[in-house]
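Order of appearance sets the numbers: ligands from 1, and atoms from 1 within every ligand. Residues: numbered from 1 along the sequence shown. No experiment lies behind these values; they were computed from the predicted model shown.
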Amino acid sequence: MVDPLPHDCETWAEFKQHRGGRRLTLSTREAVFDLNLVTGAWGVVDRHGLQVFASPAGGLSTQGRGTRLDLRLADRESLHGLGETTGTFNHRGAVREFWNRDVLGHSPAIHPGLPSLYVAIPMALSLRDGRAAGLFWDHPGHQRWDLGAGDPGIWRMTAREGGLELYLFTGPRPAAVLEAFTRLTGRTPMPPRWALGYQQARYSYASAAELESVAREFRRRRLPCDVLYCDIHHMNRYRVFTFGRSYPDPKGLMARLRRRGFRVIPIVDPGVKDEPRFGVLRRGQALDAFVRAPGGGQDFVGEAWPGACRFPDFLRSEVREWWGREQRTLLDLGAAGAWNDMNEPANFARPDKTLDPDCLHQTDLGPARHAGVHNAYGLQMARASYEGAVRAEGRAPEAIPRPLIVTRAGYAGVQRYAAVWTGDNSSTWEHLDESVRQLLNLGLSGVPFVGADVGGFLGDATPELFVRWLQVAVFTPFLRNHSNLGTRRQEPWAFGREVETLARGLLELRYQLLPWMYALFAEAARGGAPVMRPLLWHYPNDEVAAACTDQFLLGENLMVAPILRAGAVARAVYLPKGEWFDFFTGALYPGGYHAVVDAPLARIPVFVRAGSLIPIGPVRPHVGTSEPETLALHVWPGSGGRLEWYDDDGHSLAHTSGAWQRRTLTATYGPRAGSLTLGAPTGSYRGPHRRWRVVLREAGQAVRVRIRNQPIPSEWSEQDEAVWFDLPMSEAPVEVRWSATRAPRTRR
Ligand code: GLC
């Protein structure tokens, strides 16, 4: 194992050992591990008596330098996670490999049977009869998992080199598995709030003037946007951390853009141009910072955008620290983070497009061949980038800005440092469809901050595809539009007036949802839950929900049912048990069946669970740092409403030393009466928000609202079918009750 993980394993080490005859039994509070010392067969039974994993006799063996492990697959067991993959959401019956690859255009048409992508996470969430368990084989070299393709009853895992380092997690809820897996591998830090806004990239905005004109268009057209990217053409002959002639005054540029509310993030590729006079190269050489060629006598030289280049050995802490210092150049000029690309690492000079397997690393844990640590390279680059950006250097936490680090490659734990985007997809319906499954599986692999290039990277998006893509993407955690050199322009205005108008509405909706998304990120930071969730997360016992892959949940409350096919203007939506409201029209749907809903181009079907509490922010051109005094809280009819609201300054590390605020809000909202309780705040942060504007949705009539029996003013709009009233965000808990002023109307 390459990366020493910050975990509190001691508490897990409490187990009782029992040895009797041919059996060895280890029991913890959660599970019992039972090993037959003669045959090697073993099994794990959870505290509910469910056999979660079992390996047959002879299931573990060595294979040359490697190791093979067989597990039995149970009837109806489905397998999810596995990092970034193409193909099905349930991996059962497939063969997947773990080997980070630079794949241009990861479409089955281009690469049939593609076994792996950029982010290998050898972690699976297994679901059987509604009960979840997890498995993680911590080995960053090559692995191949046959998940019932060869033998439908056997899950065969083979690591090409290295031994077995296996972690098993019991559930039975999916959340318990992810909670434990991310306790081991780490959780995502709170992103800066602006990083949840809309982001625009292009390969490339070739000059500072072009980048500024794009920025102007966003503001002129009132299209919300927070982040702009510089792709490789801003550099001086692709030399990392530089700006070339077409970006003559990067500091001035970034300052001007910042005044207009834009952050700028430049691309950073690992390959350092092999040019003797290049300062980054020289300083790296002085540290002996680069990966060595086979034999170890000299640095390995490969090829990427700069031509010949060397690859920093990010697996060593002094190299990461050095890289962090080099990256300061960008941050000091005003960059708000770094976009780490090509870090599989990609090397054009070899047919396998990466480093020679016999290249040598000097890792923090000793020397290693590249083949044994390949998948950790991108993770450790992202780590260098993140840790470099937040290094205190005498600054107080509130003076350290949160960076946005975006990475293409990664391994288990990458969520600690970076958002992951799914690389070079294509502007095709197939890839739009695939992106949903990809992002869901990444979320189940511990990585909540994920997104795909909106509109597709390769090829030309049609106006219809672009709209449908943006409709999905405004509900995904990382929202960035990006497209390739030579393709049709893909900014939201590039497709004409109608598309621009639709895009504006969607981006405005995204900004309104930011307080909800921020609360979901706080949940991810606390317990490892994905922000964008497959239905199985909340409905593991519902077979239809568990198998559903063309819908997803944003948190527990919003059900997104996107249109993923050309020409479709309606679709079937599965609504699990309970009641659901159409998010836009308020129409009520009973759950537990499929509803067929209309979805003309201007509309994406979105439903909100009865009893939901959703904080809603203002429409604004960018997040900025100033927050409104009044925040809306939409309350939907139903019982058991609950919101864990989280807030902090949104841009610095002050929250890491207690400057955050959390409140539990609960509500019951029936046809005649209801109540809402605002819990007392915890944490020391008290932000600019002074009051909630409570909006009772689907209110067919006016109500009387009281706090401790004292009436407070409220308004009812018949047209909006909503009641609203203001509540201060006080230090003490507040309970507010309301009741109808006349008999209820019959419900639709
Ligand atoms: C890679 C990246 C892509 C980027 C291009 C040029 O293909 O995946 O996003 O635009 O390199 O830097």
Side-chain angles (χ1 to χ4, degrees), residues 84 86 100-107 110-111 114 116-119 199-207 210-211 214 227-244 246-247 264-273 302-307 309 311 330 335 337-349 353-354 377-378 381-382 385 404-410 414 418-427 431 434-435 438 442 450-461 469 473 478-491:
E84 192 180 51
T86 54
N100 290 349
R101 271 175 233 262
D102 170 17
V103 202
L104 188 68
H106 41 75
S107 130
I110 302 175
H111 295 279
L114 188 69
S116 70
L117 282 174
Y118 316 87
V119 180
Q199 319 195 10
Q200 182 69 50
R202 170 85 179 166
Y203 175 21
S204 296
Y205 293 125
S207 66
E210 190 181 358
L211 195 69
V214 169
V227 188
L228 297 173
Y229 285 78
C230 294
D231 205 333
I232 52 178
H233 291 108
H234 67 283
M235 285 182 275
N236 177 0
R237 288 181 296 134
Y238 304 122
R239 292 185 306 180
V240 64
F241 303 128
T242 66
F243 284 85
S246 56
Y247 278 76
V264 175
I265 300 201
I267 201 165
V268 175
D269 292 341
V272 177
K273 191 173 178 67
E303 203 186 313
W305 303 126
C309 56
F311 296 87
L330 297 182
W339 168 19
N340 291 328
D341 188 22
M342 310 294 277
N343 51 350
E344 294 69 37
N347 167 25
F348 304 155
K353 284 190 82 179
T354 192
Y377 190 86
M381 180 184 183
S385 187
L404 170 60
I405 308 299
V406 183
T407 185
R408 192 170 74 176
V414 68
V420 168
W421 104 101
T422 58
D424 298 339
N425 59 4
S426 306
S427 299
H431 266 184
E434 176 140 300
S435 71
Q438 263 177 341
L442 273 165
V450 289
D453 280 347
V454 176
F457 176 72
L458 296 162
D460 293 336
W469 206 309
F478 179 67
L479 172 60
R480 189 186 70 162
N481 175 340
H482 182 42
S483 54
N484 194 18
L485 211 59
T487 59
R488 170 179 192 166
R489 294 300 290 234
Q490 217 164 261
E491 293 80 11

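- Residue contact annotation: Tyr118 has no non-hydrogen atom under 4.0 Å from ligand 1.
- The protein heavy atom nearest to atom 9 (O) of ligand 1 is His482 NE2, 3.0 Å.
- Of all the heavy atoms of Tyr238, none lies under 4.0 Å from any atom of ligand 1, so neither backbone nor side chain is involved.
- The single protein non-hydrogen atom nearest to atom 7 (O) of ligand 1 is Asp424 OD2, 2.7 Å, given as residue, atom name and distance.
- Proximity annotation for atom 12 (O) of ligand 1: of Asp231, Val406, Val103, Asp102, Asp231 comes nearest, heavy atoms only.
- Between Trp469 and Gln490, the closest side-chain pair of non-hydrogen atoms is not below 4.5 Å.
- Using a 4.5 Å heavy-atom threshold, the side chains of Phe457 and His431 count as separate.
- Regarding atom 2 (C) of ligand 1, its nearest protein heavy-atom neighbour is Asp341 OD2, 3.0 Å.
- Under the rule for a side chain to side chain contact (heavy atoms under 4.5 Å, CB included), the partners of Ala338 that lie at least two apart in sequence or sit in another chain are Val268, Gln327, Asn340, Ser385, Ile405.
- With a 4.0 Å heavy-atom cut-off, ligand 1 is reached by the side chain of Ile267 but not by its N, CA, C or O.
- Residues passing the side-chain hydrogen bond (donor to acceptor under 3.5 Å, both in side chains) test with Ser435: none are found, sequence neighbours excluded.
- Set against the non-hydrogen atoms of Arg408, the atoms of ligand 1 under 4.0 Å away are 1 (C), 2 (C), 7 (O), 8 (O).
- With rounding to the nearest 0.5 Å, the separation of CZ in Arg101 from CG in Leu117 is 8.5 Å.
- Short contacts between ligand 1 and Trp421, defined as distances under 4.0 Å to a heavy atom of the residue, involve ligand atoms 8 (O), 9 (O).
- Residue contacts with ligand 1, taken as heavy atom pairs separated by less than 4.0 Å, involve Trp339 solely via side-chain atoms from C-beta onward.
- Between His233 and Tyr203, the ring planes lie parallel to each other; the angle is under 30°, not in the 30° to 60° tilted range.
- Here the closest non-hydrogen pair linking Leu485 and Ser204 is CD1-N, 4.2 Å.
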